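Only heavy atoms go into these numbers, but all of them, side chains included; no hydrogens, no water, no symmetry mates. Given the structure is predicted, the values throughout are model-derived calculations rather than measurements.
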Amino acid sequence: MDEQEQIELRGSVEDVTFYRPDTGFTVLDLNSDGELVTVVGVLPALSAGEELRLMGHWDVHASFGRQFRAELCERSLPSTAGQLLKYLSSGAVKGIRAATAEKIVEAFGDRTFDVLENEPERLATIKGISREKAHKICAEFKKQFAVREVMIALEAIGMTPAECLAAFRKFGASAIDRIHENPYILCSEEIHMGFERADAIAQSMPNRPNEIHRVRAGVIYVLRHNLHNGHTCIPREKLLAPSRDLLDTDTDTIEIALDGLLEDRQLVAKEIGGREFIFLPSIYSAEKSAAERIKIMLRFPPAGKPTLEKDIERIEKENGIQYEEKQRLAIITAIQKGLLILTGGPGTGKTTTLKGILTLFERDGLDVALAAPTGRAAKRMSELTGKEAKTIHRLLEVEWTENDRPVFARDARNPLEADAVIVDELSMVDINLFSSLLEALPLGCRLIMVGDNDQLPPVGAGNVLQDLIQSGLLPTVQLTEVFRQAMESLIVTNAHCIVRGEMPVLDRNDADFFFMNRPAPYLAQRTITELCASRLPKAYGYSPISDIQVLCPSRKGDLGTVNLNRVLQSVLNPPEKKKQEITINGRILRSGDKVMQTKNNYDLPWTRGGENGTGVFNGDVGILDRIEHASSTLYVLFDDRTAMYSFESAAELELAYAVTVHKSQGSEFEAVVMPVLNVVPQLSYRNLLYTAVTRAKSKMILVGSSNVVRRMVDNDKKARRFSALRAFLTEEEI
């Protein structure tokens, strides 16, 4: 909504019908010139009786009718005795209920607030209020108004209510003074304000803050930005140019600020291979801690036992299989050393080997925990092994802070109760999660790590699997032999071609891997739509929703997930009168839609039969079953569970007819359709194509240009990730 189109609305709060403290989302009734108006929006904590000046626009809700959607809020204290009574009766001040509020306002009238703030002794003259209670009430009143004063002052400099709440939680009553002195403290991880926004607030202040605050914040911002690109650290010389460009200043100023940050321990420097690398302290601690824990495990290995050939032969006989040499080596290493990295591509027998290790561990009476980085990867691990697998977060019993940061109940002081832990899809595990997992392992616990080093690196910072392998310190077995039955699959053989840098076979139409030449985006889009809606379901009986998955290199463009989801939704789940809809962040969600959870949310409630539980995980895909406007609730079916979302938490959902290759890691689909046309250079690389192909179980269809496929296969220049785990393990150059 443009500023010119905003409407002003004034009135006093009659009632707050809904308020969510962590986000500030509010629904309230406002008395505006005698008319009762429903107001919704992200607002500070409000109470009945407060006077508001709101800026926003009128909206019509499908079930609740006309509402005012507030975008800006200015507040003032209740001024009349009637407003004061309403405010105090609302329970805004702890210790005052309706009857007590009536006595206080009757005694002091319009001077009530002054008495509460400055004269607790006078409050004690009211019957039923002792001197001790009077002081408690006044202390609570001052505490409440400390929050309000901070909110009002910070809103005046352009901060949103949600940002004001986060600032108050972080800095308390001193927030106003601290932010006026240095607004760049708003860039802290707890508040999550971007540098550009903090910079704009700073520039609008009448008294500009010291320039050194700006430069320091800019340097940290550049380092944190690179953290989101996967780097755990940056060479000092590579930090200077982007910082200089961002801040429009000279190199000497950056150097001085950087030295100051290092001296104040807001950043950490480490010389590795003759170069100085700069870290954020938390990431430095994670990599250093992970390296130290690995060294301890190598120095004091878990108690192993000899593995007799007859043990392996017994498993082979029971399962009608025969292990090849490296599979036997992996099983023996796991049992004898209790520490193993098992890696290999599709069709090389990782799962068969893993099941052999698990069988022998359990026959030895070991308590074995299975884990994977995402919910879908954990589910797939459970299906392949027949044993329960959890996400690593759930294994470590995660809890989330107000700022959506994980805190694990399982750590060095409260380790896991397991004799062995097997982790699948290690290529997806970032350094923070890996460090937390290692910290929670009890002394002597066996650790088996399984992954495919040719797949994409984790979305988070670090390159754990590759660093561990390249350190050469841990027992590692790489399975390379593709089994005969797997060789019959063109998906498998083409995946191995791609890894070797060879062009996959694209001209066969009698196998499980197809290429469809479509030189223009509109042709590719039409073909992808037809494949999902009719051709694949008709030819193979696939469900367009549960069996077929479109994987895209990018979110953007005609063949990105955003546009393809819109197109596929219109074809696979078109609007109908009986279908309910809701618009979330500009996206239409409709009953019957295929949706994906985009972040771990361990508090979302779900039901399964008569069982209740909580937790839906990043990457979980389900079907939007129904929308209830009256209760502002969505119901999503995830396999056999029904999860309940408030309209606010539904912002964590997005359409999933098409998802990015990165989002598909750890998953497997009956049929995968992938556009390979107009792929931007930074995404035209080998391991992205390889990861997509290895997600397909029965059918893989590429739609686009063979030249794009060739460019992706030829480009083995994996984006360089600066990380220090290998260096901390070996003290060698990274």
Side-chain angles (χ1 to χ4, degrees), residues 346 376 489-495 498 504-575 590 592-596 621-623 654-664 667-679 683 688-710 712:
R376 288 189 65 88
S489 166
L490 194 56
I491 293 174
V492 171
T493 56
N494 272 347
I498 292 167
V505 176
L506 301 180
D507 58 358
R508 283 182 58 183
N509 57 12
D510 61 343
D512 55 7
F513 190 111
F514 301 90
F515 171 75
M516 305 180 76
N517 182 49
R518 298 293 185 272
Y522 78 93
L523 292 174
Q525 178 181 294
R526 187 171 68 187
T527 298
I528 289 168
T529 304
E530 291 171 351
L531 285 166
C532 295
S534 57
R535 295 173 67 169
L536 287 173
K538 184 177 180 180
Y540 303 103
Y542 291 151
S543 162
I545 302 296
S546 59
D547 294 329
I548 304 170
Q549 184 62 58
V550 177
L551 299 183
C552 304
S554 171
R555 292 179 61 84
K556 300 178 181 178
D558 292 338
L559 298 173
T561 60
V562 174
N563 187 55
L564 284 180
N565 270 318
R566 181 185 59 80
V567 172
L568 290 168
Q569 180 192 44
S570 68
V571 174
L572 299 178
N573 189 32
R590 184 177 297 132
D593 272 335
K594 182 178 182 179
V595 293
M596 174 183 278
V621 174
I623 305 299
E654 61 181 31
L655 294 174
Y657 301 103
V659 302
T660 63
V661 177
H662 282 86
K663 277 288 187 184
S664 74
S667 302
E668 188 177 61
F669 312 98
E670 282 295 327
V672 169
V673 180
M674 181 182 181
V676 282
L677 191 67
N678 294 348
V679 181
L683 292 173
L688 186 139
L689 179 61
Y690 171 79
T691 300
V693 170
T694 54
R695 299 309 90 204
K697 184 178 180 182
S698 302
K699 291 288 181 290
M700 178 74 208
I701 302 100
L702 299 179
V703 181
S705 165
S706 59
N707 289 332
V708 172
V709 176
R710 182 174 295 281
M712 296 181 80

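- Judged by distance alone, with hydrogens and angles left aside, the side-chain atoms of R590 form a donor-acceptor pair with the main-chain N or O of N573 at under 3.5 Å.
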Walk me through whether L551 and V659 qualify under side chain to side chain contact (heavy atoms under 4.5 Å, CB included). CA-CA 5 Å; L551 299 183; V659 302; 3.5 Å; yes
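- Remark: L677 CG to Q525 CD distance equals 11.5 Å, nearest 0.5 Å.
- Listed by chain and residue number, E668, E670 satisfy the side chain to side chain contact (heavy atoms under 4.5 Å, CB included) test with K697 (two or more places apart in sequence, or in another chain).
- Closest approach of G592 to Y657, counting heavy atoms only: O-OH, 4.1 Å.
- The side chain to side chain donor-acceptor pair (under 3.5 Å) contacts involving residues 553-562 comprise R555-E654, where partners must be two or more places apart or lie in separate chains.
- The structure places SG of C532 at 8.5 Å from CD1 of I701, a figure rounded to the nearest 0.5 Å.
- Rounding to the nearest 0.5 angstrom, the gap separating the CD1 atom in I548 from the CD1 atom in I528 is 12.0 Å.
- When side chains are defined from C-beta on, P346 counts as touching Y690, because their heavy atoms get closer than 4.5 Å.
- Here the CD atom belonging to E530 is positioned 8.0 Å from the CE atom belonging to M516, to the nearest 0.5 angstrom.
- Evaluation of the salt bridge (Lys or Arg N to Asp or Glu O under 4.0 Å) rule for R710 yields no partner, not counting sequence neighbours.
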Before you tell me yes or no, could you show the steps for M674 and L688 under side chain to side chain contact (heavy atoms under 4.5 Å, CB included), namely the whole-Å CA-CA distance, both residues' side-chain angles and the distance that decides it to 0.1 Å? CA-CA 11 Å; M674 181 182 181; L688 186 139; 3.9 Å; yes
Could you check L689 against V709 for side chain to side chain contact (heavy atoms under 4.5 Å, CB included), going step by step and ending with a plain yes or no? CA-CA 8 Å; L689 179 61; V709 176; 4.1 Å; yes
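- The two atoms that bring N563 and R566 nearest to each other are OD1-NH2, 2.6 Å, heavy atoms only.
- The side-chain tip of K699 points at the ring of Y540 from less than 6.0 angstrom away and within 45° of straight on.
- In this structure, the separation between CG on L506 and CG on L490 is 9.0 Å, given to the nearest 0.5 Å.
- A ring-ring contact (aromatic ring centres under 6.0 Å, His included) check over residues 506-534, counting only residues at least two apart or in different chains, returns nothing.
- Taking the side-chain hydrogen bond (donor to acceptor under 3.5 Å, both in side chains) definition, one finds that T527 meets it with R518, sequence neighbours left out.
- Residues A495 and T694 share a closest heavy-atom pair of CB-CG2, 4.0 Å.
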Using the rule given for side chain to side chain contact (heavy atoms under 4.5 Å, CB included), can you reason through V505 versus N494, listing the C-alpha separation, both sets of side-chain angles and the distance that settles it, and then say yes or no? CA-CA 6 Å; V505 176; N494 272 347; 3.7 Å; yes
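- Across all non-hydrogen atoms, the minimal contact from A658 to L564 is CB-CB, 4.0 Å.
- Minimum interatomic distance between V708 and V679 (heavy atoms only, all atoms of both residues): CG1-CG2, 3.8 Å.
- Judged by distance alone, with hydrogens and angles left aside, the side-chain atoms of T660 form a donor-acceptor pair with the main-chain N or O of K663 at under 3.5 Å.
- The side-chain hydrogen bond (donor to acceptor under 3.5 Å, both in side chains) search around D510 returns R508, not counting sequence neighbours.
- Smallest separation of non-hydrogen atoms from P675 and V550: CD-CG1, 4.3 Å.
- Rounded to the nearest 0.5 angstrom, L536 CG and S698 OG are separated by 11.0 Å.
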